[in-house]
Amino acid sequence: MTYTLTTTVALPWAETLDRARAALSAQGFGILTEINIRSTFEAKLGAEAADAVGDYVILGACNPALASRALAAEPEIGALLPCNVVVRRNKDAELTTVEAIDPQTMVQLSAAPTVKEVADDAGTRLRKALADLGQPAK
């Protein structure tokens, strides 16, 4: 079962991270949080654990209008909102991977029609943001 929307790009990790932020913003997503897994692992588990995970950041992306609609329809859906976007690259990799949870996973657990509409809209926006990462910088 595929539960993420994923793209890989032949760009340096730091550039991909910057472009991911911009692509998400262009689709109406703000970055509420940013978790640097590599730094956290290094501080808590040591350099070996950090090297094993490679460059790895989780962007907590939110589209307030979509989140508002979903939460109004079903307040419990907040635990399932597709907020995390991962930008990762292993030490020896040539490609950088960007992935987000497929919003359709919410639909599998909710019968609310509004949640399906929000998931469809969020999925379209996330796919567009991921597709834009592979395009030349503007």
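For reference, positions follow the sequence shown, starting with 1.
- Note that CD1 of Ile101 is 10.0 Å distant from SG of Cys83, once rounded to the nearest 0.5 Å.
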For a quick test of your reading: what N or O donor-acceptor pairs under 3.5 Å do the side chains of residues 24-34 make, sequence neighbours left out?
from: Glu34; atom 1: OE1; to: Arg21; atom 2: NE; distance (Å): 3.2
from: Glu34; atom 1: OE1; to: Arg21; atom 2: NH2; distance (Å): 3.3
from: Glu34; atom 1: OE2; to: Arg21; atom 2: NH2; distance (Å): 2.7

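- Ion pairing between Arg88 and Glu99 holds under the 4.0 Å rule for side-chain N and carboxylate O.
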Under the criterion side chain to side chain contact (heavy atoms under 4.5 Å, CB included), I'd like the reasoning laid out for Arg69 against Leu66: C-alpha separation, chi angles, the key distance, then a yes or no.
CA-CA 5 Å; Arg69 288 180 55 211; Leu66 295 178; 4.2 Å; yes
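- Under the 4.5 Å side-chain heavy-atom criterion for grouping Ile, Leu, Val, Met, Phe, Trp and Tyr, Val86 is connected to Phe41 within one hydrophobic cluster.
- For the residue pair Asp120 and Gln104, a side-chain donor N or O sits within less than 3.5 Å of a side-chain acceptor on the partner.
- Shortest non-hydrogen contact noted between Leu59 and Ala20 is CD1-CB, 4.3 Å.
- If you run side-chain contact (heavy atoms from CB on, under 4.5 Å) between Pro103 and each of Leu5, Leu81, Thr124, only Leu5 comes through.
- For Thr97, the side chain to side chain donor-acceptor pair (under 3.5 Å) criterion is met by no residue, not counting sequence neighbours.
- Asn36 places a side-chain N or O within donor-acceptor distance of the main-chain N or O of Ser39, the cut-off being under 3.5 Å.
- The backbone N or O of Gly123 lies less than 3.5 Å from a partner atom in the side chain of Arg127, making a donor-acceptor pair.
- Hydrophobic clustering places Leu11 together with Leu130 (ILVMFWY residues linked when any side-chain heavy atoms are closer than 4.5 Å, directly or through intermediates).
- Remark: Leu95 CG to Thr7 OG1 distance equals 9.5 Å, nearest 0.5 Å.
- Sorted by first and then second residue, the side chain to side chain donor-acceptor pair (under 3.5 Å) pairs with a member in residues 47-68 read Arg38-Asp51; sequence neighbours excluded.
- Minimum interatomic distance between Thr114 and Ala73 (heavy atoms only, all atoms of both residues): CB-CB, 3.6 Å.
- The two atoms that bring Leu45 and Ala49 nearest to each other are CB-CB, 3.6 Å, heavy atoms only.
- Follow the hydrophobic side-chain contacts under 4.5 Å out from Leu71 and you reach Val115 in the same cluster.
- A heavy-atom distance below 4.5 Å is not found between the side chains of Pro12 and Thr96.
- No side-chain heavy atom of Val85 sits under 4.5 Å from any side-chain heavy atom of Ile58.
- Linking Ile, Leu, Val, Met, Phe, Trp and Tyr whenever their side-chain heavy atoms come within less than 4.5 Å puts Leu133 and Val57 in one cluster.
- Using a 4.5 Å heavy-atom cutoff, the side chains of Leu109 and Leu80 are in contact.
- Grouping the Ile, Leu, Val, Met, Phe, Trp and Tyr side chains by contacts below 4.5 angstrom, directly or via other members, places Val118 apart from Val107.
- With Thr4 contributing its side chain and Thr6 its backbone, the two residues share no donor-acceptor pair below 3.5 Å.
- The CD1 atom of Ile35 sits 7.5 Å away from atom OG1 of Thr40, with the distance rounded to the nearest 0.5 Å.
- Residues Asn84 and Gly60 share a closest heavy-atom pair of OD1-CA, 4.3 Å.
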